[in-house]
2 protein chains.
Amino acid sequence: MSVKEVRTRRPLADSTAVHDQVYDSIRQALITGKIAPGVGVSLRSLAAELGVSPMPVRDAVRRLVAERALAINPANKRLSVPSLTAERLEQLELARRWIEPELAARAAPRADEALVRRLKAIDLDLEEALRVGDVDGYMVANHAFHFAIYERAGAEVLLAMAGGLWLQIGPFMRVVFGRVGTGSLPADRHAEAMDALKARDAEGARRAIAADLSEGMDKMRAAVEAGAGLTAAPAGQTVITM
Amino acid sequence: MSVKEVRTRRPLADSTAVHDQVYDSIRQALITGKIAPGVGVSLRSLAAELGVSPMPVRDAVRRLVAERALAINPANKRLSVPSLTAERLEQLELARRWIEPELAARAAPRADEALVRRLKAIDLDLEEALRVGDVDGYMVANHAFHFAIYERAGAEVLLAMAGGLWLQIGPFMRVVFGRVGTGSLPADRHAEAMDALKARDAEGARRAIAADLSEGMDKMRAAVEAGAGLTAAPAGQTVITM
DNA sequence: CGCGTGAAATTGCGATCACAATGCACGAAC
DNA sequence: GTTCGTGCATTGTGATCGCAATTTCACGCG
């Protein structure tokens with residue numbers, strides 16, 4: 001419902017091209033884990049669900065495939081969220097544990113009062129989501145918290161790499177946290193990170209984010225080793241809204 | 001000339017879809033530095049040059065933009081190779097110096113006789129290219145040498161990240177080596193790397209690749225700091241062939 | 001009741017068209 | 001000679017169509 005009504009022709013300079021909106025929709029769905037890993041969706045079905053023609057969906061999907069957030073079965077040509085093997089998880093963890101603390105360390109000297117205040121607000125949302133068991137809200141808030149920091153680093157290339165990594169593990173974070181029931185561990189690490197940022201302590205921020213990641217990835221690794229996350233499907237239906 | 005003749009309709013399961021061929025063409029042109037940074041090309045002109053309709057070019061370009069190998073001017077919407085600023089170079093160097101030695105170290109235990117032989121052959125081509133001043137051949141051989149090693153690591157995620165990084169600096173490596181005149185430094189590091197791989201010495205391979213990268217990036221940094229590579233255009237025309 | 005076998009529906013890819021917006025160039029006014 | 005406006009060519013985007021290949025499902029034979 002209310003997917004899109006009239007949609008007059010978009011002007012050229014308008015940044016909200018349809019394929020960008022579609023991209024953002026799918027990306028958000030991936031980060032928050034709304035798209036179940038393993039299910040094969042088709043281009044036309046996605047287009048129908050979003051109320052647009054297949055063309056902009058094709059464009060958006062190409063971007064996501066290039067970012068390895070989606071995979072195309074070479075035989076079927078059907079697209080799905082690539083399943084997370086132990087090897088993939090190991091590499092993603094390694095990359096995240098290198099790049100994200102680095103971004104945090106670079107952000108620390110550039111942190112200001114406004115950033116800390118925004119982080120505090122996000123963290124309140126996050127704890128609220130944890131308290132009421134809102135997995136969706138937790139995923140959104142956690143992503144927002146980390147990338148509010150990372151964007152502050154002013155490191156475009158590294159930021160894009162970090163974004164790509166989140167896109168690849170997002171669906172599985174959802175699976176894991178959905179199972180574990182949003183164990184309330186990570187909040188304290190966030191407090192440490194905020195303290196370090198407030199003090200402009202680069203190494204402290206690096207350690208705090210590294211610890212936060214380690215805890216989260218430990219849970220994911222445990223889940224995957226238990227055979228859970230490989231091809232699991234959490235809720236079922238793919239809910240994408242623009 | 002001889003871009004494409006009849007081109008009967010490709011079957012669905014055929015891996016050589018037109019947009020993939022276009023992607024490979026542009027990618028190769030970027031890695032070898034055949035596309036000059038800063039020049040704005042249009043979708044239709046690219047399509048005409050390749051002898052295909054604009055549609056598969058659109059697909060290929062989307063992938064490359066997602067990989068940050070091409071950039072779209074938000075106002076013009078014309079696409080170009082993103083110019084290399086000092087900040088971008090610093091981040092790319094950092095990322096490369098982390099990920100590529102890691103891949104080399106992972107490849108070392110899995111190296112075999114065939115790999116070393118292939119590397120030796122590539123290195124001969126490389127030295128030959130250096131000797132006769134064939135910048136193109138040097139770029140191709142250097143890329144082949146590194147990724148013959150990296151592919152052996154069996155680390156799909158990290159390999160893709162490394163490939164993306166090469167795609168981003170490729171055009172500028174060309175500019176720099178075109179200027180410097182292919183100073184013959186890097187060959188010895190390649191010999192070190194091959195020795196380490198033959199001995200299955202992970203840390204030795206890591207050091208050799210790290211040293212190779214350092215030397216290359218030092219040259220690039222010097223060139224960029226001299227104000228050369230920022231928006232420089234080496235030869236001029238974009239030569240893309242399928 | 002199981003299992004091939006047929007046709008019909010669905011799929012991705014590429015071409016072509018329409019359209020709005022921008023770029024560019026030629027010419028007029030001062 | 002310089003500058004500004006006006007027209008035309010070109011651009012990216014999205015919709016629609018055609019095609020070949022695959023998938024899906026039902027029906028009938030064993």
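Note on naming: letters A, B, ... go to the chains in the order of the sequence lines (proteins, then strands), and numbering restarts at 1 for each one. Note that the structure is a prediction, hence the values are computed from the model and not measured.
- Stem analysis of DNA chain D (at least three stacked-register Watson-Crick or G-U pairs, each with both distances under 3.5 Å) gives C:1-3 with D:28-30, C:7-30 with D:1-24.
- Heavy-atom distances to DNA chain D give each of R62(B) and R78(A) a nearest nucleotide, and the one nearer the 5′ end belongs to R62(B).
- A straight line from CG of L43(A) to P of dT16(D) spans 15 Å, rounded to a whole angstrom.
- Between M55(B) and R44(B), the residue anchored nearer the 5' end of DNA chain D, judged by the nucleotide with its closest heavy atom, is R44(B).
- Looking only at atom types and distance, the side chain of E67(A) has a donor-acceptor partner in the side chain of Y23(A) under 3.5 Å away.
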Under 3.5 Å, which donor-acceptor pairs link side chains of residues 144-163 of chain A to any protein atom two or more places apart or in another chain?
from    : atom 1 : to      : atom 2 : distance (Å)
H146(A) : ND1    : N142(A) : O      : 3.1
H146(A) : ND1    : N142(A) : OD1    : 3.4
H146(A) : NE2    : D212(A) : OD2    : 2.8
Y150(A) : OH     : E100(A) : OE1    : 2.6
R152(A) : NE     : R110(A) : O      : 3.0
R152(A) : NH2    : D112(A) : OD2    : 3.0
E156(A) : OE2    : R68(B)  : NH1    : 3.3

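- Of the candidates dG12(D), dG12(C), dT16(C), the closest approach to any side-chain atom of P54(B) belongs to dT16(C).
- Side-chain proximity of S53(B) to the nucleotides dA15(D), dT13(D), dG14(C) is greatest for dG14(C).
- The pair R221(B)-D218(B) meets the salt-bridge criterion, with a side-chain N (NZ, NE, NH1 or NH2) lying under 4.0 Å from an Asp/Glu carboxylate O.
- The nearest whole Å value for the distance from the CG atom in D20(A) to the C1' atom in dT13(D) is 11 Å.
- W166(A) is not listed as a side-chain neighbour of L92(A), based on a closest heavy-atom distance of 4.5 Å or more.
- Contact between D20(B) and R63(B) at its shortest, heavy atoms only, is OD1-NH1, 2.9 Å.
- A donor and an acceptor atom never sit less than 3.5 Å apart when one is taken from the side chain of R58(A) and the other from the base of dG12(C).
- Here the C1' atom of nucleotide dG12(C) and the CG atom of D59(B) are 10 Å apart, to the nearest Å.
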